[in-house]
Amino acid sequence: MNSPLNTQPSITQQSTPRRAGLSATRLALQLYARVAPQKAGQLVNRMAFRPSRLPLPIRYEYLLDTADSYTRLQHGAHSIPVYSWGKGPVILGVHGWAGAGIQFGAWVNPLVEAGYRVVLFDAIAHGRAQGSSTDLFEIAEVTTKVADHVGLVHGILAHSMGCIAAARAIKDGLHSQHLVMLAPPLSVAAVMDNLGQQLGLRQDVLDVHLRLMEERFGDSVWEKLDLEALSLSLKQRGMIVIDHDDMSIAPNESERVSTNWQAAQVLRTRGLGHYRLLWSPLVIETVLQDLGRPVVDTVA
């Protein structure tokens with residue numbers, strides 16, 4: 001059984017995640033759907049693979065200039081930047097959709113001081129990486145490529161949809177002794193449903209997008225990117241962090257993921273929302289304490 005850590009600091013969430021242009025996009029799609037639902041669904045499908053990039057400057061971006069190591073790895077037609085700080089067991093960060101590796105910037109100095117090597121990268125079409133479109137299967141492949149480049153990975157630190165990519169990479173053979181999931185979604189199917197609600201899409205429009213997903217990846221796409229199912233096979237020790245006030249990923253979705261991952265502890269917080277988890281001193285300190293426990297290799 002996973003064990004709960006009911007640490008809930010009295011932090012007031014000052015703002016919800018900014019959704020620039022969401023209202024305008026929502027209205028435009030709704031109008032388009034009235035006259036051309038098929039084409040509107042096709043447009044949603046194209047949009048779904050084109051993440052918006054974080055606006056500059058990014059919090060902690062200054063750390064990129066102090067990296068101990070920097071390289072670019074080629075993946076298909078695109079190259080991705082890989083940064084690392086420190087020496088010791090590798091902690092690999094896997095950012096979420098429309099995110100960037102440096103979003104884990106608050107973790108760099110604490111992990112380095114604790115004796116770890118922090119490795120961060122930008123997935124294709126994210127951050128400073130090349131490309132304009134990608135998908136979670138590709139992000140999982142890139143995660144494995146970065147891991148192969150840096151050597152044995154001690155731990156993976158993943159946020160939001162990056163949790164699905166990390167779990168998919170592990171399922172496909174990536175070895176890691178420890179895994180931390182910050183605000184994991186239930187599945188890509190749940191994310192698509194949430195997208196439909198956010199954009200106010202009619203079901204027939206959303207169905208076009210879902211059908212195109214299946215044509216592209218096969219009928220098994222929903223099973224392969226279902227974190228609730230993937231978590232059943234996780235043997236790594238680790239932690240799931242769930243904030244009560246997360247407005248992007250419903251906390252009950254993360255709770256369902258934690259139920260299936262028996263080797264994980266659960267840290268529950270309040271007032272951090274979806275993004276402040278990334279730089280919360282409480283979260284960082286709790287994860288560091290868990291990482292400091294003796295490592296037992298339970299991966300088959």
Side-chain angles (χ1 to χ4, degrees), residues 25 29 33 37-52 75-78 80 94-99 121 123-126 129 131-147 156 158-174 176 179 181-199 201-234 240 248-250 252-261:
T25 301
L29 281 172
Q38 177 73 21
K39 290 184 177 180
Q42 293 170 349
L43 177 59
V44 170
N45 183 258
R46 290 194 296 272
M47 290 171 56
F49 299 107
R50 293 179 173 269
S52 58
H75 185 80
H78 305 299
I80 56 172
V94 184
H95 63 76
W97 192 257
F121 69 93
I124 291 172
H126 290 78
S132 59
S133 65
T134 189
D135 59 74
L136 285 179
F137 289 112
E138 186 171 53
I139 295 176
E141 292 171 0
V142 169
T143 299
T144 298
K145 177 165 288 189
V146 174
I156 295 175
H159 176 239
S160 192
M161 288 180 70
C163 298
I164 298 180
R168 184 69 252 170
I170 289 172
K171 180 69 173 179
D172 292 339
L174 174 59
S176 177
L179 175 62
M181 293 188 184
L182 307 178
L186 185 66
S187 63
V188 162
V191 171
M192 293 299 102
D193 287 343
N194 185 47
L195 175 67
Q197 293 174 11
Q198 285 184 340
L199 296 177
L201 298 178
R202 291 171 14 187
Q203 189 59 47
D204 58 341
V205 174
L206 186 60
D207 285 344
V208 172
H209 166 52
L210 300 182
R211 186 183 71 250
L212 290 172
M213 285 275 291
E214 293 178 357
E215 290 178 2
R216 179 171 179 173
F217 300 111
D219 294 344
S220 62
V221 59
W222 313 115
E223 177 185 354
K224 290 180 177 178
L225 297 178
D226 185 328
L227 189 53
E228 185 177 25
L230 287 170
S231 60
L232 282 168
S233 63
L234 291 175
I240 290 181
S248 296
I249 301 296
N252 68 305
E253 289 191 23
S254 300
E255 291 283 359
R256 286 174 61 180
V257 174
S258 71
T259 299
N260 285 350
W261 184 12

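For this chain, numbers begin at 1 and follow the sequence in order. Everything numeric here is computed off the predicted structure, so don't read it as measured data.
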- Query: Would you call the rings of H209 and F49 parallel, tilted or perpendicular, where under 30° means parallel and over 60° means perpendicular?
  - Reply: perpendicular
- Work out which heavy atom in M161 is nearest to a heavy atom in V191; give both atom names and the distance. SD-CG1, 3.9 Å
- Item | Minimum-distance pair of heavy atoms, taken over all atoms of I124 and S133 | CG2-O, 3.7 Å
- Task: Return yes when atom NZ of K171 has more than 12 non-hydrogen atoms of other residues, nucleotides or ligands closer than 6.0 Å, and no otherwise.
- Result: no
- Message: Donor-acceptor check, side chain of S254 to backbone of P184, threshold 3.5 angstrom: yes or no?
- Response: yes
- Query: Which residue pairs pass the salt bridge (charged side-chain N to carboxylate O under 4.0 Å, His left out) test with at least one member in residues 133-143, sequence neighbours excluded?
  - Reply: D135-R216
- Message: Is any side-chain heavy atom of M47 closer than 4.5 Å to one of L43?
- Response: yes
- Task: Give me the ring orientation class for H95 and H126: parallel if the planes are under 30° apart, tilted from 30 to 60°, perpendicular past 60°.
- Result: tilted
- Task: Could you walk me through whether I139 and T134 pass side chain to side chain contact (heavy atoms under 4.5 Å, CB included), step by step?
- Result: CA-CA 7 Å; I139 295 176; T134 189; 4.0 Å; yes
- Query: Quick one: are L225 and F217 in side-chain contact, heavy atoms under 4.5 Å?
  - Reply: no
- Got V44 and V208 here, is their nearest side-chain heavy-atom distance under 4.5 Å? no
- Query: Which residue pairs pass the salt bridge (charged side-chain N to carboxylate O under 4.0 Å, His left out) test with at least one member in residues 159-170, sequence neighbours excluded?
  - Reply: R168-D172
- Message: Take a 6.0 Å sphere around CD of E215 and say whether it holds more than 12 heavy atoms from other residues, nucleotides or ligands.
- Response: yes
- For the pair S187 (side chain) and A190 (backbone), establish whether a donor and an acceptor sit closer than 3.5 Å, ignoring hydrogens and angles. yes
- Message: Is any side-chain heavy atom of L234 closer than 4.5 Å to one of I170?
- Response: yes
- Message: Do V146 and I80 have side chains that approach each other closer than 4.5 Å (heavy atoms only, starting at C-beta)?
- Response: yes
- Pairwise side-chain contact, N194 with Q198, heavy-atom cut-off 4.5 Å (strictly under): yes
- If you look at every heavy atom in A48 and W97, which pair is closest and at what distance? O-CZ2, 3.2 Å
